[in-house]
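Note sheet for the following structure.
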Amino acid sequence: MPELPEVETVRRGLAAQLTGRRISHVTVRRGDLRRPLPPDMGQVLTGREVQSFGRRGKYLLVHLDGGRVLIVHLGMSGRLFVGAAPSGAAHEHVVLHFEGGAVLSYVDHRRFGLMDLCEAARLGEHVLLSAMGPEPLAADFDGPALAKRLSGKDTPIKAALLDQRVVAGLGNIYVCEALFYAGLSPRRRAGSVQGGRAARLAAAIKNVLEAAIAAGGSSLRDYVQATGELGYFQHRFAVYDRAGQPCPGCDCGAAVRRIVQSNRSTFYCAKRQR
DNA sequence: AGACGTACCTGACCGC
DNA sequence: TGCGGTCAGGTACGTC
């Protein structure tokens with residue numbers, strides 16, 4: 001599930017519960033995620049106080065006193081839980097224990113996620129972050145900014161938007177949704193998205209992300225108390241995973257179509273999206 | 001340099 | 001009930 005809105009929802013939930021808390025110890029049950037955990041991670045984190053939670057694209061950034069940052073990516077299936085004790089669930093790979101009793105559990109059955117450590121002052125140079133494109137919710141992300149990133153690109157717009165170097169934080173779901181609201185075909189050549197088309201697309205990206213964050217934020221209250229799980233919420237999609245169903249709010253009568261691009265599912269309305 | 005396919009890993013689901 | 005095949009929201013790497 002984790003694309004930008006889910007990571008942002010998690011970030012807000014963690015900030016509300018764990019800001020200012022001190023890590024008492026760290027349990028690593030499996031360290032072989034997408035890349036091995038830093039071997040000294042437990043030692044580095046122990047005794048540190050969490051100062052704030054940040055985000056860059058789909059990366060969660062846990063800022064610690066002493067100037068270090070824990071970088072967390074949830075991959076395809078990673079989840080974070082806040083609880084009173086480790087859940088003992090299958091695939092609970094890492095547990096941060098806090099003074100006073102709370103724990104933060106990282107659960108990831110596919111192990112496509114990762115964690116790394118970085119000096120706060122050098123975050124921008126970190127190999128995972130240095131080439132990342134603009135934050136789509138930043139004030140200066142607009143049509144011209146997006147058009148510049150897409151200029152000259154020969155690849156389909158669908159593939160271009162999944163490239164984190166073009167825009168940070170979009171994944172398969174929100175790319176499909178944004179292209180739908182912008183009325184752009186996922187097959188369209190990325191370089192042709194300029195001017196008004198780029199403006200519509202930039203606005204659509206912001207809108208779908210903000211709506212998803214709002215949905216996550218509103219359901220967060222309920223969910224945290226029940227299970228401690230963060231970042232999962234009901235959200236209705238216009239086209240994603242709706243192959244064969246009517247194009248929403250549209251009188252075109254055309255069904256949502258599923259195609260495969262770069263080995264990934266794309267959902268769109270061929271009539272409305274050009 | 002850029003674009004594409006493939007690999008990584010586990011689980012859920014579908015049809016037989 | 002069990003089995004094989006397919007698919008899944010992400011990224012990195014090799015190859016052309």
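Computed from heavy atoms alone, side chains included, the values below leave out hydrogens, waters and symmetry copies.
- With rounding to whole Å, A:H91 atom NE2 is found 15 Å from B:dC8 atom C1'.
- Stacking is found between A:F112 and the pyrimidine-like six-membered ring of the B:dC8 base under the 5.5 Å centre-distance and 30° plane-angle cut-offs.
- In this model, the phosphate group of C:dA8 is approached by a side-chain N or O of A:S265 to a distance below 4.0 Å at OP1 or OP2.
- What separates CZ of A:R111 from P of C:dA12 is a distance of 18 Å, to the nearest Å.
- Comparing B:dC9 with C:dG14, their P atoms are spaced 16 Å from each other, to the whole Å.
- Between A:D108 and A:R79 there is no salt bridge, since no side-chain N of the basic residue sits under 4.0 Å from a carboxylate O of the acidic one.
- With C1' as the reference atom, C:dG9 and B:dA3 are 23 Å apart, rounded to whole Å.
- Rounded to a whole angstrom, the distance from the P atom of C:dG5 to that of B:dA7 is 16 Å.
- With respect to A:R21 and A:E49, no salt bridge is recorded, no charged nitrogen being found less than 4.0 Å from a carboxylate O.
- At the heavy-atom level, A:N263 lies under 4.0 Å from base atoms of the strands shown.
- When the side-chain nitrogen and oxygen atoms of A:R110 are compared with OP1 and OP2 of B:dC8, none of them lie within a distance under 4.0 Å.
- Between the P atom of C:dG10 and the CE atom of A:M76 lies a distance of 6 Å, rounded to the nearest Å.
- Atom P of nucleotide C:dA12 and atom CG of A:L114 are separated by 8 Å, given to the nearest angstrom.
- Between A:L33 atom CG and C:dG10 atom C1' there is a gap of 14 Å when expressed in whole angstrom units.
- The residue A:R258 sits close only to the backbone: its heavy atoms come under 4.0 Å of sugar-phosphate atoms, none of a base.
- Note on A:R264: a side-chain N or O is less than 4.0 Å away from OP1 or OP2 of C:dG10.
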